[in-house]
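Every chain is numbered from 1 and lettered A, B, ... according to where its sequence line falls, protein lines coming before strand lines. Basis for what follows: all heavy atoms, side chains included, without hydrogens, waters or symmetry-related copies.
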Amino acid sequence: MKRLLCFSLLICVVGFLACTHSGGLNKPASFGYKVDIPEGWRQIDNNRYLLVTKDNPFQQYILVQNRPVGKSYRHTQKRMRTSMLPEEAAQIIIDELISDQNLVNLKLLNNSPENINGYDGFKILYTYQDAEGHAFKTLYYGFIKEDTFFNLRFTASDGFHFQKDIEAFRYVLRSFEIVKAETT
Amino acid sequence: MNTRLSKLFLFLIGLLLLFVAAACSTGSKPEISLVADSLLASEAEQMLWQKSEREQRTFESNGLIYADLQLEEYLNQVVARLIPETVPADLVIRVKVIKSPYLNAFAYPNGMIYIHSGLLARMENEAQLAAVLAHEMVHCIHRHALRAFRKYSHQPAYLIAVQKMLLKTKGLQRVAHSIGVTGAMAAISGYARELEAEADRIGFEWVLRAGYNPKEALALFDQMLSDLAQDGCEEPFFFGSHPQIGQRADNLQNLSVPAMIDVSASKKSSQAFLAKLGHVLLYNARLDLRLGRFKVARESVEKFLGIKPDDTRAYFLLGEIHRQRGRRSDVQAALDYYLRAIRLDPSFAAPHKAIGLIHYKKGQHALAKKFFESCLQLSPDSPDKAYIKGYLKQCTLSEES
């Protein structure tokens with residue numbers, strides 16, 4: 001039962017981390033993306049981002065998201081701008097993470113520039129605990145293309161699952177392609 | 001309704017229900033004397049204290065305490081000025097600072113008071129600090145937690161409601177988990193209205209008796225309300241809640257200060273007070289900068305510069321605030337602050353890199369290169385050296401082309 005509650009909380013946290021909130025722009029991102037989902041992983045229905053897991057999101061998940069650059073975040077009032085350098089975009093993500101009261105003992109292990117399939121972006125690696133004390137590790141890639149901020153992240157329970165499933169994330173990264181978003 | 005408003009609405013409804021629960025509980029239980037000779041004589045109180053200590057240990061082990069012994073000593077000196085003679089011997093009031101830009105202060109029943117760096121940074125003088133501390137001290141000395149818990153001891157639904165509300169409210173899961181129910185009630189929902197009013201009234205008397213002007217707190221509450229309105233902040237804590245600050249201000253307005261109190265005395269002590277706060281002002285400005293609260297971050301740094309006018313890190317932080325805010329007029333202001341920081345301490349690497357970034361973004365690669373290189377010379381193992389090397393590579397390519 002406790003595990004079920006933790007699982008539900010985790011889904012909420014994932015949602016909070018990924019979704020945008022009021023006060024932001026309602027305009028959808030101009031660019032979409034496509035990725036290959038690794039064999040044995042399943043998609044969890046969501047219309048705001050792609051979330052896939054092999055076992056369950058409490059053990060590991062890969063999240064891919066495109067969001068309009070000017071949209072607000074949940075904790076920091078800073079917003080990305082199209083003119084930002086990857087390092088400046090990374091700083092906003094870090095500020096958002098550090099300001100998030102749900103992430104306990106957040107430790108930033110790495111923040112460096114990274115080329116993501118031809119796009120100049122950043123890579124951050126961090127660990128944290130949830131309110132129940134479970135430890136997680138996240139590898140987060142992000143870059144801005146015109147008015148769209150793309151991010152691909154892999155979160156797994158720190159230790160066993162992170163090492164075991166990181167290759168699946170690399171597979172998703174390699175398959176990542178930008179496509180023009182469908183207009184409705 | 002937009003998401004933020006609807007969540008705020010739900011939170012306020014939750015609070016309202018709790019207050020209704022508080023108001024509806026019967027008064028048939030035995031009265032607790034306001035101030036006991038020995039608080040620990042009561043078994044219920046012993047249990048409450050043990051629970052508080054457990055919650056505090058968890059809370060403090062999460063690295064949330066701002067460790068500054070001098071500052072703590074000063075805060076405890078203010079407490080000593082305020083404390084009435086009738087305090088039970090086993091109740092020791094202590095104050096610690098929490099690293100949080102949100103506006104709050106709260107007390108555990110065992111006398112431990114926590115004040116957020118965000119609330120300290122908004123204060124202008126010792127009288128304002130005294131008003132907040134006195135309010136929290138009344139909660140401890142007049143046993144508000146015990147009174148509240150005895151009221152609800154036969155209402156487990158009340159505590160479940162508190163926990164559920166905390167778990168559903170933005171950003172509170174960590175806090176709720178860390179400070180436990182005892183702390184959460186004090187920190188977030190506050191006590192029942194009559195207990196909060198009592199804390200205002202008695203706190204007012206203690207502040208007066210200690211020689212402060214209690215009305216100074218009105219300026220603090222006004223400032224907090226204005227900041228909350230301007231930033232559109234959604235703050236989760238008691239002192240960051242618009243209705244609660246408003247209630248504190250209303251209660252204070254209704255209490256009168258004797259004519260002999262010298263209102264200007266508190267103002268005179270402002271510089272001395274800010275000097276005591278010292279680096280917590282800069283620390284909190286960095287937290288506000290992370291939250292994108294540029295205005296309050298700048299105000300804190302300016303306060304700090306009022307007491308330490310030649311602090312290179314303060315000028316660098318002002319530069320960061322302007323650069324990150326990114327308005328058209330901000331770029332020149334940021335450059336000026338960075339240059340001033342360099343003049344004060346030429347060996348401080350961070351402003352070199354920041355100036356490099358500004359030139360780099362303007363396409364002034366030769367200038368940018370000069371500052372990036374000086375940054376790396378001063379700090380070869382800088383954690384952002386991978387970014388700086390990337391910029392330098394681009395600058396070189398640009399020169400070649």
Side-chain angles (χ1 to χ4, degrees), chain A residues 5-6 8-10 12-13 15-16 19-24 26 72-115 120-123 128-133, chain B residues 1-8 58-59 61-64 99-102 166-178 231-234 236-237 286-297 320 323-326 353 357 360-362 383-391 393-394:
Chain A
L5 181 66
C6 290
S8 315
L9 275 174
L10 184 85
C12 292
V13 170
F16 285 151
C19 72
T20 53
H21 292 267
S22 58
N26 291 320
S72 57
Y73 284 90
R74 186 168 174 77
H75 303 285
T76 183
Q77 292 174 26
K78 290 180 186 176
R79 296 186 186 198
M80 284 193 190
R81 293 188 290 271
T82 52
S83 61
M84 276 184 167
L85 297 166
E87 185 183 11
E88 293 173 304
Q91 190 57 55
I92 290 185
I93 298 301
I94 293 166
D95 288 342
E96 173 67 4
L97 292 167
I98 291 176
S99 304
D100 186 346
Q101 300 272 312
N102 297 312
L103 307 183
V104 181
N105 290 330
L106 181 92
K107 287 192 181 76
L108 184 67
L109 306 176
N110 178 261
N111 170 16
S112 55
E114 186 72 30
N115 190 283
D120 285 333
F122 63 86
K123 174 178 84 176
Y128 64 94
Q129 288 168 292
D130 65 9
E132 296 294 323
Chain B
M1 198 185 292
N2 71 36
T3 323
R4 183 170 292 185
L5 272 179
S6 63
K7 280 190 179 139
L8 188 60
T58 312
F59 180 45
S61 68
N62 280 344
L64 292 172
K99 297 185 236 177
S100 169
Y102 295 115
L166 297 177
L167 284 169
K168 281 179 184 167
T169 309
K170 180 208 114 174
L172 292 188
Q173 289 93 338
R174 175 185 171 191
V175 177
H177 183 261
S178 298
D231 285 344
C233 296
E234 192 185 324
F237 296 102
R286 287 189 198 101
L287 298 181
D288 275 323
L289 177 59
R290 283 198 186 282
L291 281 174
R293 306 204 294 202
F294 300 110
K295 180 178 166 281
V296 287
E320 285 295 277
R323 183 180 67 81
Q324 293 187 28
R325 188 169 66 173
K353 185 214 167 175
L357 271 181
Y360 183 81
K361 289 186 78 173
K362 282 181 176 174
D384 48 2
K385 68 180 172 195
Y387 282 111
I388 300 172
K389 284 181 176 172
Y391 301 139
K393 196 171 160 189
Q394 283 299 320

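Side-chain atoms of B/Gln394 and B/Tyr360 include no donor-acceptor pair closer than 3.5 Å. Side-chain contact check for A/Asp120 and A/Asn115: at least one donor-acceptor pair (N or O, by modelled atom type) lies under 3.5 Å.
Of the residues considered (A/Thr76, A/Ile94, A/Ile92), A/Thr76 shows the highest number of contacts with chain B, using heavy-atom pairs under 4.5 Å.
Under 4.0 Å is where a charged nitrogen must lie from a carboxylate oxygen, and between A/Asp95 and A/Lys78 at least one such pair does.
Expressed to the nearest 0.5 Å, how far OH of B/Tyr387 lies from CG of A/Asn111 amounts to 3.5 Å.
For A/Glu88, the part lying near chain B is the side chain, with the backbone staying farther off; criterion is any non-hydrogen pair under 4.5 Å. Contact of B/Lys361 with chain A is made through the side chain alone, with heavy-atom distances under 4.5 Å. Both the backbone and the side chain of B/Arg323 come within less than 4.5 Å of a heavy atom of chain A.
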